[in-house]
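All figures in this text were calculated on a predicted structure; none of them were measured in a lab. Naming: A, B, ... by sequence-line order, numbering from 1 per chain.
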Number of protein chains: 2
Amino acid sequence: MAKAPKMTDIAKAAGVSPMTVSRAFKSDASVGKKTREKILKIAEELGYVFDSTASNLRSQKSGFVAVTIPSLNNANFADTIRGLTEAMRDKGLQVLLGYTDYSIENEERLIEQLLRRRPEAIVVTGGRHTERGKRLLENAGIPVVETWDLPEDPVGHTVGFSNADAMGQMVEHLHAAGARSLAFIGGDDNGDTRGADRRRGFVDKARALKLEYRLVSLGKPPVSMREGALAMAEILASDPRPDAVLCVSDLAAFGALTECQRRGISVPDDIMLAGFGAFDLSEITVPSLTTVDAHAYDIGEKTGALLADRLRGELSDDASPEIVRISPTLKVSRSTAKR
Amino acid sequence: MAKAPKMTDIAKAAGVSPMTVSRAFKSDASVGKKTREKILKIAEELGYVFDSTASNLRSQKSGFVAVTIPSLNNANFADTIRGLTEAMRDKGLQVLLGYTDYSIENEERLIEQLLRRRPEAIVVTGGRHTERGKRLLENAGIPVVETWDLPEDPVGHTVGFSNADAMGQMVEHLHAAGARSLAFIGGDDNGDTRGADRRRGFVDKARALKLEYRLVSLGKPPVSMREGALAMAEILASDPRPDAVLCVSDLAAFGALTECQRRGISVPDDIMLAGFGAFDLSEITVPSLTTVDAHAYDIGEKTGALLADRLRGELSDDASPEIVRISPTLKVSRSTAKR
DNA sequence: ATAGTTACGGTTACCGATACCAATACCTGA
DNA sequence: TCAGGTATTGGTATCGGTAACCGTAACTAT
């Protein structure tokens with residue numbers, strides 16, 4: 001096979017200048033309709049594939065939006081990515097994704113690696129970064145969006161919510177449902193700042209309401225189903241048993257629920273149980289789980305819309321940074337039904 | 001803020017030629033150790049970030065490996081991506097990810113879009129493509145890997161397994177466990193070729209073993225928890241009831257399991273239940289689910305290793321295409337325990 | 001001391017599309 | 001028919017690195 005044709009080859013074959021071919025491949029450029037069709041037809045016949053590396057260099061536009069998430073393996077973040085992708089797709093913006101495994105040191109490396117690709121904007125999950133990571137973001141010269149959080153000192157734009165407040169709401173709900181002693185299942189502090197914020201929200205509200213509470217922390221984030229089960233085993237062995245157990249995520253809550261099933265403990269009659277994140281399984285479990293819907297898809301979509309406006313729309317990014325507050329929804333369900 | 005420094009700025013500041021700076025940023029190039037350190041230090045001070053768009057164009061190496069998966073929101077594919085990413089990370093290869101939503105028409109568009117970025121290789125999930133999609137892959141001039149399948153007529157390399165055979169194994173297991181009539185829960189045919197293959201394997205083996213069987217198909221792929229529950233409701237309403245229900249994935253199986261719980265039907269005593277994919281929840285449910293572990297992470301890791309060898313190692317890609325067979329493991333668990 | 005070898009840094013010409021500027025074709029109305 | 005305008009097309013320099021090649025210094029062996 002000969003080597004891949006380039007624009008000049010198409011131009012020659014079509015009897016036009018390379019410049020005209022270039023324009024034919026841009027949707028908004030002014031080229032005669034017939035000319036464009038002819039060029040695209042010839043390009044298809046010759047198997048030409050547009051080379052965006054060259055385009056990127058000359059136009060100083062990569063069409064990339066870099067995104068870091070803690071983990072691929074999490075339906076919440078996956079939903080955010082979907083929302084983001086879909087909000088930007090028809091503006092010719094493409095997501096360049098990397099994951100940090102819940103480590104801000106990894107995040108720092110990842111940010112640097114991603115910036116080398118010259119993204120037009122960068123979206124990060126969470127508002128805590130290494131010092132150098134933050135500096136990289138600040139100096140990148142492109143719009144920055146922090147998501148899934150409301151940082152005290154944001155780098156740029158923000159699309160998120162207070163994890164602490166959301167968990168506080170959950171505590172209030174359980175209080176109203178009659179619980180007077182609570183337990184919280186979460187991971188160690190390191191890494192998952194959203195998890196840590198949720199725990200803080202739990203503690204603060206439990207104190208404010210003068211509820212008894214205890215914390216069960218197990219392992220590194222992400223706290224998963226197995227850890228949830230282990231933590232619940234520990235809680236069920238304790239005396240007195242708390243009235244309700246709150247979990248850092250639905251996955252942990254589901255693990256906890258199965259442990260109850262294994263021991264013949266009834267949820268919510270013997271103990272109430274709540275999760276966080278509105279994962280699919282929360283609606284399906286028996287009983288279904290009370291949880292917090294953080295509107296993960298919306299976070300992505302709103303972030304995408306914000307960036308599309310600034311990169312391809314009217315707005316310039318010189319203006320003041322925007323803060324888009326997402327209001328998590330408390331989804332009350334069977335697992336915390338009042339006795 | 002002044003505009004971003006480039007290599008020549010670093011060169012000037014360090015008193016060396018741009019070429020030396022360029023080499024200092026490549027790990028294997030020959031530059032004096034002290035020179036390199038000085039250059040990197042100055043670069044850091046000036047806030048220089050390497051521009052790979054320019055590098056890509058001149059060196060004709062993007063460092064990208066393009067990957068298409070049906071859905072982000074699936075732990076199996078996420079595991080494959082993790083394996084792939086990790087196998088290639090230290091070779092300087094980065095995953096450029098896109099999802100198809102289980103549509104080969106979307107896949108075609110996505111392939112074209114990804115090829116514009118000049119990836120050094122492309123990895124696709126599944127062995128069925130549109131005609132044009134296949135042609136794009138064939139003419140891309142880069143290594144192609146099809147995964148999660150064993151196509152009859154592969155485009156390039158293959159890292160996968162036979163979904164039909166794996167499901168056949170499951171039928172054999174249930175036969176051995178005493179089941180004589182079976183049901184299969186899956187989606188419609190369109191799109192999810194792996195799902196369709198699993199169903200085919202189910203039917204073929206059930207016939208070979210002279211078992212009674214029926215198929216329950218619900219909705220577009222991916223078949224999820226809710227559909228699993230609906231399908232199980234339909235099955236439980238039928239008379240006579242099958243001895244065992246096999247599902248296209250663990251998620252559907254979990255939905256089915258919860259429906260049994262809701263109705264007070266015991267698994268496996270009243271009906272046996274099996275899933276596919278070895279998702280985390282299969283180990284945690286009560287009872288735990290018999291499933292097939294397709295070794296999703298391995299698929300990614302082996303694909304990554306194969307590509308790293310060809311792109312950064314000894315092997316050239318001129319040689320014959322490789323077929324890496326993955327052997328799925330049947331994980332027998334409580335949900336199909338013999339009565 | 002000299003040739004031969006290695007290690008390092010420098011010079012130049014690109015990679016392939018597009019910004020920028022200019023030119024030409026085409027159309028409208030007087 | 002022609003001026004004046006719009007729509008479409010063309011020529012050229014250039015984006016920021018690096019391949020390919022070259023020159024020189026340092027070191028080794030004889």
Sub-3.5 Å pairs of nitrogen or oxygen atoms, protein against nucleotides 10-12 of chain D:
residue: dG10(D); atom: OP2; partner: Ser17(A); partner atom: N; Å: 2.8
residue: dG10(D); atom: OP2; partner: Ser17(A); partner atom: OG; Å: 3.2
residue: dG10(D); atom: OP2; partner: Thr20(A); partner atom: OG1; Å: 2.5
residue: dG10(D); atom: N7; partner: Arg23(A); partner atom: NH2; Å: 2.8

| Minimum-distance pair of heavy atoms, taken over all atoms of Arg312(A) and Lys91(A) | NE-O, 3.3 Å
| Where do Pro154(B) and Glu146(B) come nearest, in terms of heavy atoms and distance? | CA-OE1, 3.3 Å
| Between Val65(B) and Leu311(B), is any pair of side-chain heavy atoms under 4.5 Å apart? | yes
| request: For Phe25(B), answer base if it contacts any base atom (sugar-phosphate contacts may also be present), sugar-phosphate if it contacts only those atoms, and nothing otherwise; contact means non-hydrogen atoms under 4.0 Å. | output: nothing
| Separation of Lys33(A) atom NZ from dC26(C) atom P, in whole Å? | 18 Å
| How would you list, by chain and number, every residue that makes a ring-ring contact (aromatic ring centres under 6.0 Å, His included) with Tyr99(A), sequence neighbours excluded? | none
Per-pair distances, 0.1 Å, donor-acceptor, side chain in residues 8-21 of chain A, under 3.5 Å, sequence neighbours excluded:
residue: Asp9(A); atom: OD2; partner: Lys6(A); partner atom: N; Å: 2.8
residue: Ser17(A); atom: OG; partner: Met19(A); partner atom: N; Å: 3.3
residue: Ser17(A); atom: OG; partner: Thr20(A); partner atom: N; Å: 3.3
residue: Ser17(A); atom: OG; partner: Thr20(A); partner atom: OG1; Å: 3.2

| query | Which residues within residues 5-14 of chain B lie with some heavy atom under 4.0 Å of an atom in DNA chain D? | reply | Lys6(B), Met7(B)
| Nearest-Å distance for atom pair NZ/P, residues Lys26(B) and dG9(C) | 16 Å
Using a 3.5 Å cut-off and no angle test, enumerate the donor-acceptor pairs between side-chain atoms of residues 75-84 of chain A and protein atoms at least two apart in sequence or in another chain.
residue: Asp79(A); atom: OD1; partner: Arg82(A); partner atom: NH2; Å: 3.1
residue: Asp79(A); atom: OD1; partner: Asn73(B); partner atom: ND2; Å: 2.9
residue: Thr80(A); atom: OG1; partner: Asn76(A); partner atom: O; Å: 3.3
residue: Thr80(A); atom: OG1; partner: Trp148(A); partner atom: NE1; Å: 3.1
residue: Thr80(A); atom: OG1; partner: Ala296(A); partner atom: O; Å: 2.9

| Separation of atom NZ in Lys38(A) from atom C1' in dT9(D), rounded to whole Å | 13 Å
| Step-by-step side-chain contact (heavy atoms from CB on, under 4.5 Å) determination, Thr100(A) to Val124(A) | CA-CA 10 Å; Thr100(A) 67; Val124(A) 297; over 6 Å; no
| remark: What residues 49-66 of chain A contributes to the DNA chain D interface at heavy-atom separation below 4.0 Å is Leu57(A), Arg58(A), Gln60(A)
| Using the ring of each side chain (for Trp, its six-membered ring), is Phe50(A) parallel, tilted or perpendicular to Phe25(A), with breaks at 30° and 60°? | tilted
| Does the side chain of Val324(B) reach to within under 4.5 Å of the side chain of His157(B), using non-hydrogen atoms? | no
| remark: In terms of heavy-atom contacts, Val144(B) and Leu137(B) come closest through CG2-O, 3.6 Å
| said: For the CZ atom on Arg325(A), are there more than 12 heavy atoms of other groups (residues, nucleotides or ligands in this structure) within a distance under 6.0 Å? | reply: no
| task | Examine dA17(C): is either OP1 or OP2 under 4.0 Å from a nitrogen or oxygen in the side chain of Tyr48(A)? Give yes or no. | result | yes
